[in-house]
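The block underneath contains the structure these notes are about, expressed in structure tokens.
Quick caveat: nothing in here was measured; it's all calculated off a predicted structure. Labels below follow one simple rule: chain letters A, B, ... track the order of the sequence lines, proteins then strands, and each chain is numbered from 1.
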Protein chains: 2
Amino acid sequence: MDEKNNKNCVFCKIVRNELPSAKLFETEKVLAFLDIAPINKGHALVIPKRHFVDIHDLPEEEFKEIATVIKRIASAVKKATNAEGINVLQANGKAAGQEVFHFHVHIIPRFNDDNSGFKWLKKAYSEGEMQEFQKKIKKFL
Amino acid sequence: MDEKNNKNCVFCKIVRNELPSAKLFETEKVLAFLDIAPINKGHALVIPKRHFVDIHDLPEEEFKEIATVIKRIASAVKKATNAEGINVLQANGKAAGQEVFHFHVHIIPRFNDDNSGFKWLKKAYSEGEMQEFQKKIKKFL
């Protein structure tokens, strides 16, 4: 089995047309199609055609091509759905809400009254703690 | 006032060092720094140095450079915080949760027990409706 074309992955199956999908757009390396369980109707996904698990696994070249497709799809979804906003969301790991382990970016049309959103509780750094995190992260850059 | 260097924008002020910030990394066009009100500690932001309101306003070249920085920061944040997952999130418009109107991408370390996440209620398309949305969106591509 080619590591970058996963036999059992649902998104790889969509790429290979073994599963039906509402495709929107594709480039050499990237495919955009509609999420079958949308947060709001018109919710699209952008994926690399090759199988990469997450952002850490995804090559830079693929990500750059994905970025241009995200921008294009975001504008088209906004116009087509008359959305009041657009969320671009991407999850890596089960702890982050990832369900399909083939890198994908959600493009979600949003409306003022859609009752969706985030359960984000903002935290506060104690004195000097932000600088500690800054140092720790910079070590890995 | 230069349209792409907004006098009153807090992120433009960070770029110009008129406001303090915990900077992580920068390239010619892109800056990464810590969010002062983190969802989890180590939560970073990636922005273009020039002032663009949202993804629709952001030029493709800036977005490509941002993509490479996102990937780099996501890996460093994961390692530095021992995160179990990473969310990459970007909001366009108040309806999508945008608070600062200078394009920015959140890179959020996630943990299984962090009690954060999404309030996403998945919807269902009726018979043929997905194809209608597909057609509508493709018109704008």
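With salt bridges taken as basic N to acidic carboxylate O contacts below 4.0 Å, one links E99(A) and K122(B).
Side chain of K123(A) to backbone of I39(B): a donor-acceptor contact under 3.5 angstrom is found. Listed for the N92(A) side chain is no donor-acceptor partner under 3.5 Å among the backbone atoms of G85(B). Judged purely by atom type and a 3.5 angstrom limit, Q134(B) uses its side chain to pair as donor or acceptor with the backbone of K23(A). Side-chain atoms of K71(B) come within 3.5 Å of backbone N or O of L58(A) as a donor-acceptor pair.
With sequence neighbours excluded, no residue satisfies side-chain contact (heavy atoms from CB on, under 4.5 Å) with N82(B).
Heavy atoms of A74(B) lying under 4.5 Å from chain A belong to its backbone as well as its side chain. For I66(B), no part sits under 4.5 Å from any heavy atom of chain A, backbone or side chain. For a residue to count as touching a neighbouring chain, one of its non-hydrogen atoms must lie under 4.5 Å from one of that chain's; by this rule H106(B) does not touch chain A. For K78(B), the part sitting under 4.5 Å from any heavy atom of chain A is the side chain, from C-beta outward, and nothing else. If you measure heavy-atom distances from F63(B) to chain A, the contacts under 4.5 Å come from both the backbone and the side chain.
Among D35(B), N87(B), V77(B), the residue making the largest number of heavy-atom pairs under 4.5 Å with chain A is N87(B). Top candidate by heavy-atom pairs under 4.5 Å with chain B, chosen from I70(A), T81(A), D113(A), is I70(A).
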